[in-house]
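All residue numbers in this chain count up from 1 along the given sequence.
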Amino acid sequence: MAIPDRIERTLDLAHPIEKVWAALTTTDGLGGWLGDKAEIDDLRPGGQIRVCWGGTWSVLRIETIEPPRRLCFTWPLEGLPPGDPRRTHVEIALHPVGDGTRLSLTETGFAQLPDELAAAYQGNVEGWREELAKLVRHLDGRH
């Protein structure tokens, strides 16, 4: 069975776009919901964001940044050996909706995985469900 290529999520958040953008692009913001902690070297295409989950660091490479509306990055796929060039592409877009913000997330690139790594796709499906729920709690001040 072929692995689906994409994960898509949409959230309507009761917070202004600037607050949501800060949660995506600052170390305190990212560390409050994505992983356990985060480090940002430079917010520019080619820059890196490092995110730690349970002592394991993952490096996100920034591809596109259009404040305060769009952040795109690539990151490694779980189950592939370190240094493997295959990565998925994550796009997060923000749109004002009334007094709040609509966050749209799309992650693509799973079709490049061999069938035996289908668990990586399922892991990211569950991972985004958990991480986006943490984003809502972070924005609401309910850590």
Side-chain angles (χ1 to χ4, degrees), residues 1-40 42-54 56-82 84-143:
M1 181 172 135
I3 299 171
D5 191 53
R6 69 179 41 233
I7 297 169
E8 294 179 296
R9 297 280 181 266
T10 301
L11 289 176
D12 285 336
L13 303 163
H15 301 279
I17 199 166
E18 294 80 10
K19 183 174 181 177
V20 178
W21 183 253
L24 300 176
T25 59
T26 65
T27 55
D28 288 342
L30 281 170
W33 69 276
L34 187 63
D36 305 321
K37 57 185 165 183
E39 298 173 352
I40 299 172
D42 197 1
L43 281 176
R44 62 168 176 73
Q48 293 183 347
I49 298 171
R50 292 174 21 100
V51 179
C52 184
W53 283 273
T56 301
W57 288 90
S58 185
V59 177
L60 291 60
R61 185 175 55 235
I62 299 170
E63 300 294 326
T64 306
I65 185 159
E66 299 170 359
R69 305 276 178 157
R70 189 166 166 245
L71 173 66
C72 302
F73 60 85
T74 61
W75 61 358
L77 288 151
E78 184 148 346
L80 295 176
D84 190 294
R86 292 175 286 183
R87 300 168 72 83
T88 58
H89 182 268
V90 176
E91 178 172 347
I92 302 173
L94 303 179
H95 304 282
V97 177
D99 292 336
T101 303
R102 176 165 293 146
L103 180 149
S104 301
L105 179 141
T106 304
E107 183 175 11
T108 58
F110 295 99
Q112 64 187 314
L113 288 173
D115 288 344
E116 61 269 16
L117 292 180
Y121 172 79
Q122 279 309 120
N124 282 34
V125 167
E126 290 303 315
W128 282 121
R129 185 173 293 124
E130 292 170 17
E131 299 301 334
L132 292 174
K134 287 178 11 186
L135 172 62
V136 170
R137 289 192 302 274
H138 172 77
L139 291 168
D140 290 347
R142 301 179 289 125
H143 305 277

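- Between the CG atom in Leu60 and the CZ atom in Arg87 there is a gap of 7.5 Å [rounded to 0.5 Å].
- Glu78 CD: 12 or fewer foreign heavy atoms inside a 6.0 Å radius.
- Interatomic distance, CZ of Arg6 versus OG1 of Thr88, reported as 12.0 Å (0.5 Å rounding).
- Atoms OG1 and CD1, on Thr25 and Ile92 in that order, are 10.0 Å from each other to the nearest 0.5 Å.
- The CD atom of Gln122 lies 13.0 Å from the CG atom of Leu117; values are rounded to the nearest 0.5 Å.
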Exercise for review: Start with the C-alpha gap between Val125 and Phe110, add the side-chain angles, then the distance that decides, and say whether side chain to side chain contact (heavy atoms under 4.5 Å, CB included) holds.
Suggested key: CA-CA 11 Å; Val125 167; Phe110 295 99; over 6 Å; no
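- Between Ile17 and Arg69 the shortest side-chain heavy-atom distance falls below 4.5 Å.
- At least one side-chain heavy atom of Leu94 sits less than 4.5 Å from a side-chain heavy atom of Leu24.
- The two residues Ala111 and Asp5 come nearest to each other via the heavy atoms N-OD1, 2.8 Å.
- Contact record, Pro114 with Ile3: O-CD1, 3.4 Å, taken as the closest heavy-atom pair.
- Contact of the Ile65 side chain with the Pro45 side chain is registered, since non-hydrogen atoms from C-beta on lie closer than 4.5 Å.
- Shown here for Thr101 and Pro16, the closest heavy-atom pair between the two residues is OG1-C, 3.2 Å.
- The CD1 atom of Ile49 sits 4.0 Å away from the CD1 atom of Ile62 when rounded to the nearest 0.5 Å.
- Shown here for Val59 and Pro76, the closest heavy-atom pair between the two residues is O-CD, 3.4 Å.
- For Trp21, the ring-ring contact (aromatic ring centres under 6.0 Å, His included) test picks out no residue, with sequence neighbours left out.
- Asp42 contributes no side-chain N or O that, together with a main-chain N or O of Gly47, makes up a donor-acceptor pair within less than 3.5 Å.
- The shortest side-chain heavy-atom distance between Leu77 and Tyr121 does not fall under the 4.5 Å cut-off.
- Residues Trp33 and Val136 have side chains not in contact (no heavy-atom distance under 4.5 Å, counting atoms from C-beta outward).
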Exercise for review: List the steps and the verdict of side chain to side chain contact (heavy atoms under 4.5 Å, CB included) for Trp128 and Leu105.
Suggested key: CA-CA 9 Å; Trp128 282 121; Leu105 179 141; 3.5 Å; yes
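- The environment of Asp84 atom CG is dense: over 12 non-hydrogen atoms of other residues, nucleotides or ligands sit within 6.0 angstrom.
- Sparse packing is recorded around CZ of Arg102, with 12 or fewer heavy atoms of other residues, nucleotides or ligands lying under 6.0 Å away.
- Considering only heavy atoms from C-beta on, Arg9 stays 4.5 Å or farther from Leu11 through its side chain.
- By the 4.5 Å heavy-atom criterion applied to side chains, Leu103 and Leu135 are counted as neighbours.
- Residue Cys72 comes nearest to His89 through the heavy atom pair CB-NE2, 3.7 Å, listed as atom of the first residue, atom of the second, then distance.
- A 4.5 Å side-chain heavy-atom check between Val51 and Trp75 finds every atom pair outside the cut-off.
- One finds no salt bridge joining Lys37 and Glu39 here, because no Lys/Arg side-chain nitrogen approaches an Asp/Glu carboxylate oxygen to under 4.0 Å.
- Taking both residues in full, the closest heavy atoms of Arg86 and Leu80 are given as NH2-CD2, 3.2 Å, listed atom of the first, atom of the second, then distance.
- Distance CG/Asn124 to CD/Glu130: 11.0 Å, rounded to 0.5 Å.
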Review point. Do Glu63 and Val90 pass the side chain to side chain contact (heavy atoms under 4.5 Å, CB included) test, and can you show the C-alpha distance, the side-chain angles, and the key distance before you say yes or no?
Key: CA-CA 9 Å; Glu63 300 294 326; Val90 176; over 6 Å; no
